[in-house]
Amino acid sequence: MAIVIKRRVKAPKPQPVVSRKQAPEHLDSMCLGVLGQSPDAAIPWWLMASYLYYHHDVSLLSDGLYDMIAKAMLEAWPELEHDHKHLITVDDLKAGTLYRLTAKDYPNRTKAAAVGLVDSNMGLSIKYIPS
């Protein structure tokens, strides 16, 4: 059976490429200010940034600061203390990623803090399901 085309239809316009939502520069400054007061705060900041990046396609921190935090934590790893330190391994820091963690692996307070930062600083509403 032959297919008959009665009229030509224009192809729809392609959707624009969606870029990752970038963090405002002041979040990098905020993070650096907190880290200057407490180096241990690198752990929750890195967790929040990873959670948002890998599970919500949102950059809380610039890529450069994210990498810098990983390197700084690697150098100071034995001295750092935080309730969630066990979620990060030395291999994660060497690789510069927490891609291996699922959304359920992140503590609820980490997810809630990350979502709050994004909402108040970027105007994005992100829903997360508590573990």
Side-chain angles (χ1 to χ4, degrees):
M1 174 171 208
I3 298 175
V4 178
I5 300 174
K6 294 186 178 184
R7 63 182 173 109
R8 293 182 183 237
V9 178
K10 288 186 179 180
K13 290 184 180 181
Q15 295 294 319
V17 176
V18 177
S19 63
R20 186 172 301 278
K21 293 161 187 75
Q22 296 298 317
E25 290 180 21
H26 74 274
L27 283 173
D28 277 7
S29 298
M30 181 190 302
C31 177
L32 288 169
V34 171
L35 297 181
Q37 295 175 2
S38 173
D40 296 329
I43 293 168
W45 274 92
W46 210 59
L47 285 168
M48 289 187 296
S50 297
Y51 170 71
L52 290 169
Y53 187 85
Y54 295 116
H55 300 287
H56 294 286
D57 203 29
V58 173
S59 293
L60 180 66
L61 303 172
S62 67
D63 290 345
L65 181 57
Y66 183 86
D67 294 342
M68 186 183 86
I69 291 172
K71 289 176 186 175
M73 283 196 299
L74 183 59
E75 291 174 9
W77 195 241
E79 294 83 37
L80 294 178
E81 294 182 15
H82 191 274
D83 291 346
H84 302 136
K85 182 177 176 179
H86 67 280
L87 296 170
I88 302 170
T89 68
V90 169
D91 288 339
D92 294 330
L93 297 173
K94 287 179 182 176
T97 181
L98 273 179
Y99 180 76
R100 69 176 179 79
L101 293 183
T102 67
K104 290 182 180 181
D105 293 330
Y106 291 88
N108 287 334
R109 71 181 186 180
T110 299
K111 293 188 273 190
V115 167
L117 277 171
V118 165
D119 182 38
S120 63
N121 289 278
M122 298 172 71
L124 299 173
S125 292
I126 295 175
K127 292 183 181 179
Y128 76 95
I129 301 169
S131 303

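Hydrogens, waters and symmetry mates play no part in the numbers below; they use all other heavy atoms, side chains included.
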Subject >> L87 side, atom CG; T110 side, atom OG1 - distance, nearest 0.5 Å >> reply: 7.5 Å

Subject >> Spatial distance of atom OG1 (T97) from atom CG (D67) [nearest 0.5 Å] >> reply: 9.5 Å

**OP:** Write down the atom of P130, the atom of N108, and the distance for their closest heavy-atom approach.
**Re:** CA-OD1, 3.3 Å

Original post:
Is E79 atom CD crowded by more than 12 heavy atoms from other residues, nucleotides or ligands, each under 6.0 Å away?
Top reply: yes

Original post:
Given side chains that start at C-beta, do those of H56 and V118 come closer than 4.5 Å, heavy atoms only?
Top reply: no

Original post:
Under 6.0 Å between the ring centres of Y106 and H55?
Top reply: yes

Original post:
Considering all heavy atoms of both residues, which atom of L74 and which atom of V90 are nearest to each other, and what is their separation?
Top reply: CD1-CG1, 3.6 Å

Original post:
Can you list the steps and then say if D119 with S125 is a side-chain contact (heavy atoms from CB on, under 4.5 Å)?
Top reply: CA-CA 6 Å; D119 182 38; S125 292; 4.1 Å; yes

Subject >> Approximate separation, where rounding is to 0.5 Å, of L27 CG and M122 CE >> reply: 7.0 Å

Original post:
Is the side chain of D40 donor-acceptor paired with the backbone N or O of E81 at a distance under 3.5 Å, no angle test?
Top reply: yes

Subject >> Y66 and W46 aromatic ring geometry - parallel, tilted or perpendicular at 30°/60° bounds >> reply: parallel

Original post:
Which heavy-atom pair separates L32 from M68 by the least distance, and what is that distance?
Top reply: CD2-CE, 3.5 Å

Original post:
Between D83 and R109, is there a salt bridge with N-O shorter than 4.0 Å?
Top reply: yes

**OP:** Specify the closest pair of heavy atoms between D28 and S62, including all atoms of both residues, with the distance to one decimal.
**Re:** OD2-OG, 2.6 Å

Subject >> Step-by-step side-chain contact (heavy atoms from CB on, under 4.5 Å) determination, L101 to S50 >> reply: CA-CA 9 Å; L101 293 183; S50 297; over 6 Å; no

Original post:
Of the non-hydrogen atoms in A41 and L35, which two are nearest, and what is the gap between them?
Top reply: C-CD2, 3.5 Å

Original post:
Roughly how far, to the nearest 0.5 Å, is the CG atom of L117 from the CE atom of M30?
Top reply: 6.0 Å

Original post:
Do the side chain of K85 and the main chain of L80 share a donor and acceptor less than 3.5 angstrom apart?
Top reply: yes

Original post:
For the atom pair CG (L47) and NZ (K111), what is the distance rounded to the nearest 0.5 Å?
Top reply: 11.5 Å

Subject >> Gap between atom CE of M48 and atom CG of L98 - 0.5 Å precision >> reply: 12.5 Å

Subject >> W77 and I88: CA distance, side-chain angles, deciding distance, side-chain contact (heavy atoms from CB on, under 4.5 Å) verdict >> reply: CA-CA 10 Å; W77 195 241; I88 302 170; 3.8 Å; yes

Subject >> Residue pair A70 / G96: nearest heavy atoms and the distance that separates them >> reply: CB-CA, 4.4 Å

